[in-house]
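Have a look at the structure below before the remarks.
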Amino acid sequence: MFLFESEILSNVRVADDLYLLTFRAPEIALRAQPGQFVHVRCNKGEHPFLRRPFSIYLVERETGMVKVLYKTVGIGTALLAEKRKGEQLDVLGPLGKGFNSKAVQKSALLIGEGAGLASLMFLAEDLRKRGVEVSAILGGQRETVHIGKRYFKALGVKVETVEGDTKKEEYQREMAELFREALGKGVDRAFGCGSNHLLALTAHVARMLKIPYEVSIYQNMACGVGACLCCVRKIREEGKLTYKLVCKDGPVFNAEEVVWEV
Amino acid sequence: MFLFESEILSNVRVADDLYLLTFRAPEIALRAQPGQFVHVRCNKGEHPFLRRPFSIYLVERETGMVKVLYKTVGIGTALLAEKRKGEQLDVLGPLGKGFNSKAVQKSALLIGEGAGLASLMFLAEDLRKRGVEVSAILGGQRETVHIGKRYFKALGVKVETVEGDTKKEEYQREMAELFREALGKGVDRAFGCGSNHLLALTAHVARMLKIPYEVSIYQNMACGVGACLCCVRKIREEGKLTYKLVCKDGPVFNAEEVVWEV
Amino acid sequence: MPVLSVKIGRMTLKNPVMPASGTFGYGEEYSKLIDLNKLGAIVTKCVRLKPTLGNPPPRLAETPCGLIASVGLQSIGVEAFIKEKMPFLRRFNTRIIANIGGETVEEYVEIAERLNGVKGLDGLEVNVSCPNIKRGGIAFGVDPETVYKVVSQVRKAAKNLTLIVKLTPNVTNIVEIAEACEQAGAEALTLINSPLGMAVDIEKRKPKLSTVLGGLCGPAIKPIGLRCVWQVAQRVRIPIIGVGGIFTATDALEYIIAGATAVQVGTANFVKPRVMLEIIEGIEKYLEEHEINNINKLIGSLQV
Amino acid sequence: MPVLSVKIGRMTLKNPVMPASGTFGYGEEYSKLIDLNKLGAIVTKCVRLKPTLGNPPPRLAETPCGLIASVGLQSIGVEAFIKEKMPFLRRFNTRIIANIGGETVEEYVEIAERLNGVKGLDGLEVNVSCPNIKRGGIAFGVDPETVYKVVSQVRKAAKNLTLIVKLTPNVTNIVEIAEACEQAGAEALTLINSPLGMAVDIEKRKPKLSTVLGGLCGPAIKPIGLRCVWQVAQRVRIPIIGVGGIFTATDALEYIIAGATAVQVGTANFVKPRVMLEIIEGIEKYLEEHEINNINKLIGSLQV
Ligand SMILES: Cc1cc2nc3c(=O)[nH]c(=O)nc-3n(C[C@H](O)[C@H](O)[C@H](O)COP(=O)(O)OP(=O)(O)OC[C@H]3O[C@@H](n4cnc5c(N)ncnc54)[C@H](O)[C@@H]3O)c2cc1C
Ligand SMILES: Cc1cc2nc3c(=O)[nH]c(=O)nc-3n(C[C@H](O)[C@H](O)[C@H](O)COP(=O)(O)OP(=O)(O)OC[C@H]3O[C@@H](n4cnc5c(N)ncnc54)[C@H](O)[C@@H]3O)c2cc1C
Ligand SMILES: Cc1cc2nc3c(=O)[nH]c(=O)nc-3n(C[C@H](O)[C@H](O)[C@H](O)COP(=O)(O)O)c2cc1C
Ligand SMILES: Cc1cc2nc3c(=O)[nH]c(=O)nc-3n(C[C@H](O)[C@H](O)[C@H](O)COP(=O)(O)O)c2cc1C
Ligand code: FES
Ligand code: FES
């Protein structure tokens with residue numbers, strides 16, 4: 001866990017309201033694992049107050065570069081999008097427990113939605129480097145899905161896409177159906193990141209098909225390091241209900257353990 | 001009184017921590033009188049909360065340009081200094097009651113300190129246009145004083161300067177002394193803008209020499225338009241003590257009427 | 001077009017948005033910047049029995065996302081209000097509410113009697129955050145019995161006006177005070193006046209306000225205002241006017257969903273003089289987008 | 001170099017800066033980011049008698065210049081605290097203060113008894129903002145008599161520890177509560193816990209917190225915290241630890257000048273994990289620049 005002012009190398013819009021931010025943070029680049037995140041201060045003053053968490057999208061261990069893919073949804077991300085090359089970025093990371101990519105032998109399925117794509121790219125790269133066969137299902141807005149498809153294909157990942165409004169039932173059903181088909185072909189393990197709705201739906205499918213499924217879940221965060229106990233989600237652990245910290249025990253959990261409250 | 005989003009034409013550092021901001025606001029340019037001010041929103045979000053008042057430094061009635069000369073002292077002015085050409089500026093103005101420049105027949109003396117210079121330039125220009133003989137005493141930091149001198153000289157104003165730390169007694173005494181000498185030569189009317197300390201000191205001198213003296217005074221402001229009653233200063237009116245609104249009844253008052261509490 | 005009109009006591013407002021007392025003068029200044037006819041009501045600066053000077057300067061300090069102020073109920077007095085301000089105000093096609101304050105129960109009653117029947121005046125908003133000089137300067141509004149007394153007597157003194165009571169949040173149990181007002185005959189409640197705050201100038205080692213303490217206003221207090229409105233809405237039947245930190249239509253909608261029938265906008269006027277019009281439009285847009293044809297269906301619709 | 005050391009009850013602190021309970025865990029997480037030896041003290045997350053799960057999510061919502069939180073006194077319980085957390089904490093050269101909470105007076109007493117004499121523990125901070133289940137969930141800290149009872153009994157139960165009481169600002173008269181604590185044997189007071197607040201999600205028409213209400217923290221509440229510290233400092237002789245919205249050295253100095261002997265930093269840690277070190281340095285610099293050789297000369301130096 002490191003805290004420092006890093007230099008922004010670039011910050012560009014890549015699709016719709018999706019931006020790609022690159023900054024120099026060798027300590028983070030060296031140690032980050034797929035599924036971990038950084039906690040970023042988007043402004044200087046006292047409002048908005050809190051840092052914002054973003055998955056680590058990609059790292060270049062040699063050059064110390066770290067990339068974050070983010071969607072502008074509110075005041076913090078809007079301020080982040082205003083930052084320019086050369087400015088300083090106050091970053092804390094790498095944080096959290098990432099994906100268990102080592103558990104995969106031969107094949108993996110990724111399912112991502114909108115900015116959820118951000119936490120899967122690093123994982124895909126990691127898996128591909130180890131020769132794992134990776135396929136992916138991407139859903140969301142047209143441009144976002146297309147750019148995701150392009151990036152993933154460059155890594156040799158087989159991609160299927162669903163363009164649509166992620167809140168619509170039709171879209172959700174199509175995503176779940178594709179997921180079921182892909183799992184049906186048999187994969188070692190699946191990984192997901194997206195809306196609660198999508199994750200709950202797909203968790204159900206994975207459980208039925210008895211395929212291990214890891215998901216990166218969201219919760220509002222304050223400290224990001226496990227000190228404030230604000231970011232809990234309900235988890236079923238050895239049959240017992242408990243709360244776990246998304247920032248420290250997660251953000252990646254076994255989908256089976258998460259108690260979905262949609 | 002107008003409220004609008006005006007376009008910033010330039011915003012540049014001119015000396016020390018002094019900036020010159022130019023924006024297009026024809027309605028203000030057309031109606032503004034020397035000594036009036038504009039109330040500016042320095043940021044978009046909710047902190048810092050309030051607008052900031054700045055004297056109108058100069059206007060160009062033909063082109064609709066308005067200029068403000070400001071010193072960076074805190075968060076609001078720091079944010080203002082970050083604004084770039086082409087950005088929008090949320091301005092309310094012209095506000096307040098300005099200098100009674102019409103009352104001057106032949107000669108006037110101006111005394112300004114630091115950013116206090118800002119409210120006197122427009123007045124000097126106005127007086128010079130009407131053929132009034134103007135002399136000025138400027139005090140404060142080296143660069144600020146020098147730039148003020150240059151600007152004033154271009155208008156044909158005779159300038160004396162005192163460089164120094166405005167909080168030091170030595171500086172204060174020198175300013176008061178110059179003021180006394182200049183008044184002693186006989187002027188129709190004097191005008192001042194600067195620290196409370198300087199204004200109190202010079203008000204005393206002017207009263208002794210029985211020369212009408214108008215001062216532009218400061219107070220923390222909220223609404224800027226006379227609605228909130230937050231910006232009062234103690235004023236002696238026909239022998240009776242009362243509170244007057246700096247934003248609406250001022251910011252210019254007869255120095256004699258102001259109850260100086262230093 | 002969704003229906004925006006709401007009822008506060010005997011007054012029907014064309015929409016639920018009005019200025020908060022003390023932040024809008026008597027409407028004159030802001031009438032140059034916005035069309036007062038578009039507002040649901042106008043609430044005046046506090047009217048007192050006699051002209052009063054108010055507190056010495058400085059009366060204002062900025063704080064994070066807000067400010068503290070201590071104007072000290074400076075007032076032109078009830079006679080000047082009726083003679084000099086009402087003629088201007090009654091020209092507008094909106095409801096006029098006079099905020100009143102006093103230092104004794106008798107003072108409240110006298111003002112109320114004087115205002116009862118004044119042409120064009122629709123309502124009284126009794127500010128019970130004023131210091132009660134008979135009780136050593138403790139605000140009337142912190143004790144249910146004192147509040148009951150003030151409100152029931154003003155009730156008798158001003159039968160022709162809608163009676164609203166504006167409560168202070170500086171109490172252990174605001175519900176208890178609200179219930180006392182309801183029982184005393186209040187037709188509506190305004191929640192909240194400003195929490196007591198303070199700021200220090202570390203260079204001068206002096207308080208930033210002449211009175212040391214002042215009222216905290218602005219976005220900073222929105223969570224406190226919402227909390228009070230929600231707590232009271234569970235327990236009283238009379239309508240609530242929500243106030244505290246409303247800066248956008250979203251803020252106003254939070255209050256309405258939490259239980260407010262109308263809202264007041266205070267310090268936001270200083271920053272964005274046309275903000276009330278933006279808020280009215282924003283509420284209308286929200287209703288349209290959510291296919292709610294009448295704002296009254298939204299009031300208190302919070303699902304807990 | 002100016003003297004920064006202050007006394008809180010029987011504890012001498014090397015400087016007046018420490019974390020606020022619940023915002024710093026048990027120091028472990030932040031020990032990777034700052035040197036705990038440099039702090040005046042460490043205040044732990046609330047310790048309860050038994051392990052407790054706390055409130056369901058969501059527990060957090062951001063608000064203007066702050067946040068509201070309702071963790072609900074989730075705790076690992078006193079036994080786990082002693083076994084699992086104290087060994088780590090006692091390694092540091094600083095004072096260790098355990099924040100404790102309960103739902104009955106007996107629970108407070110039992111925890112205090114269990115903690116009394118634990119090696120390396122220096123003080124107790126009694127959080128009286130907890131809901132009192134015997135009184136329908138009303139906080140202990142809102143009634144002088146209940147507070148007196150809790151504090152005097154904890155006093156007897158934990159003779160070896162410096163006794164600090166942390167008060168809630170959600171009361172009409174905080175001075176009255178503070179005086180009750182002093183009389184009951186408190187050696188210091190921490191002011192303030194968080195004012196009650198609320199936030200609404202207008203899309204879902206639901207509260208943003210699972211518990212509807214939560215504690216408002218952050219810069220937004222600084223004026224309220226300062227006000228409470230100043231009010232209480234006029235009336236009690238025991239030292240006060242100021243807390244609420246401290247983000248910079250300037251904020252800390254405002255509290256100290258208003259009457260606080262020490263300060264706690266809460267939510268600012270989330271934003272700037274090294275902020276306490278910055279504040280210590282900032283205080284030192286201020287003292288040097290103002291030629292004050294001992295911080296104790298600054299405490300309560302406000303000129304009113
Ligand atoms: C572990 C983790 C990893 C994340 N990784 C990424 C990433 O790689 N790329 C990315 O674009 N975003 C990511 N997010 C989400 C991101 O943190 C939020 O979008 C961001 O904090 C919003 O800040 P804002 O100030 O722009 O929005 P706000 O103004 O704070 O909120 C705008 C809207 O977004 C909602 N919102 C805010 N935060 C969240 C959240 N955490 N989850 C769901 N809704 C939220 C709010 O309720 C509100 O409706 C991640 C979140 C977590 C917890
Ligand atoms: C009628 C009027 C006209 C003005 N004209 C000009 C002008 O032409 N050029 C210019 O540079 N400034 C002018 N000022 C002062 C200017 O408004 C303040 O400097 C500005 O508001 C500071 O904002 P800030 O956010 O940068 O500082 P803040 O962060 O708000 O404060 C920084 C420091 O400055 C002090 N301060 C803030 N406002 C004032 C004030 N009004 N008077 C004295 N001290 C203050 C604060 O107490 C604090 O110590 C004028 C003020 C008034 C009332
Ligand atoms: C400068 C000022 C003056 C005020 N005067 C009064 C008043 O006379 N009577 C009253 O009931 N409330 C008064 N208030 C309180 C406001 O009406 C309102 O309750 C408070 O500002 C909170 O709302 P806001 O956060 O939207 O500003 C005043 C507030 C301010 C800032
Ligand atoms: C997430 C969180 C948890 C808290 N837990 C406790 C607690 O267990 N005991 C306690 O006395 N105060 C608790 N508090 C209150 C803080 O100690 C502090 O009083 C409050 O945050 C105000 O300070 P701040 O504005 O600096 O954050 C908690 C605050 C937060 C934000
Ligand atoms: S965000 Fe603080 S514990 Fe997770
Ligand atoms: S600033 Fe509001 S009356 Fe002057």
Side-chain angles (χ1 to χ4, degrees), chain A residues 1-5 27 31 39-53 73-76 90-96 167 196 217-235 237 240-248 250 258-262, chain D residues 19-34 44-46 51-76 199 203 208-210 214 217-220 222 245 247-248 251 266-275:
Chain A
M1 192 194 305
F2 301 90
L3 172 70
F4 46 87
E5 293 283 325
E27 294 86 345
R31 285 170 186 80
H39 213 24
V40 173
R41 212 168 156 207
C42 297
N43 60 315
K44 281 185 203 145
E46 293 157 334
H47 182 78
F49 187 53
L50 295 169
R51 287 174 179 267
R52 301 293 192 248
V73 299
I75 176 167
D90 181 342
V91 202
L92 176 64
L95 301 174
K167 281 184 204 103
N196 239 335
I217 63 177
Y218 276 7
Q219 185 54 284
N220 297 340
M221 287 184 184
C223 71
V225 301
C228 74
L229 313 182
C230 283
C231 63
V232 293
R233 284 282 292 261
K234 207 183 269 178
I235 300 290
E237 199 182 30
K240 253 179 51 191
L241 288 184
T242 182
Y243 294 133
K244 292 226 167 187
L245 300 176
V246 172
C247 74
K248 197 179 168 186
V258 179
V259 180
W260 301 101
E261 289 169 327
V262 210
Chain D
S21 173
T23 65
F24 207 69
Y26 304 93
E28 286 160 325
E29 290 80 12
Y30 283 110
S31 68
K32 293 167 200 151
L33 297 169
I34 70 168
T44 70
K45 171 70 192 155
C46 188
T52 31
L53 260 191
N55 292 329
R59 295 178 170 184
L60 169 74
E62 206 178 24
T63 64
C65 286
L67 57 85
I68 53 173
S70 71
V71 172
L73 300 183
Q74 170 172 344
S75 176
I76 55 170
E203 290 306 324
K208 286 192 180 171
L209 300 184
S210 70
C217 311
K222 189 182 66 167
F247 208 74
T248 62
D251 300 330
T267 45
N269 290 307
F270 306 159
V271 185
K272 305 189 285 181
R274 296 206 182 101
V275 68

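Below, chains carry the letters A, B, ... as their sequence lines are ordered, and counting in each starts from 1. These figures come from a predicted structure and were not determined experimentally.
- In terms of heavy-atom proximity, A:L3 sits nearest to A:R51 at CD1-NH2, 3.5 Å.
- For chain A, the option among D:G22, D:G218, D:A220, D:P56 with the highest count of heavy-atom pairs below 4.5 Å is D:P56.
- Within the 4.5 angstrom heavy-atom criterion, no atom of D:N269 approaches chain A.
- For the set D:P273, D:P57, D:P64, the count of heavy-atom pairs under 4.5 angstrom toward chain A peaks at D:P57.
- Between the NZ atom of D:K272 and the CG atom of D:L33 there is a distance of 15.0 Å, given to the nearest 0.5 Å.
- Interface check for chain D: of the options A:G224, A:C230, A:A227, the most heavy-atom pairs under 4.5 Å are formed by A:A227.
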Take D:E62 and A:R52 through the test side-chain contact (heavy atoms from CB on, under 4.5 Å) and record every step on the way to the result. CA-CA 11 Å; D:E62 206 178 24; A:R52 301 293 192 248; 2.7 Å; yes
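- Between chain D and the options A:I75, A:V232, A:N220, heavy-atom pairs under 4.5 Å are most frequent for A:V232.
- Residues passing the ring pair (Phe, Tyr, Trp, His ring centres under 6.0 Å) test with D:F247, sequence neighbours excluded: A:F49.
- In terms of heavy-atom proximity, D:L53 sits nearest to A:L241 at CD1-O, 4.3 Å.
- Proximity to chain D (any heavy atom under 4.5 Å) is restricted, for A:L92, to the side chain, taken from C-beta onward.
- If you measure heavy-atom distances from D:Y30 to chain A, the contacts under 4.5 Å come from the side chain alone.
- With respect to chain A, the highest number of heavy-atom pairs below 4.5 Å among D:G54, D:P58, D:G66 belongs to D:G66.
- No cation-pi contact links A:R31 to A:F2, judged by a cut-off of 6.0 Å to the six-membered ring centre and 45° from its axis.
- Within the 4.5 angstrom heavy-atom criterion, atoms from both the backbone and the side chain of D:T267 approach chain A.
- D:L67 contributes atom CG, which lies 5.5 Å from atom CG of A:L50 (distance to the nearest 0.5 angstrom).
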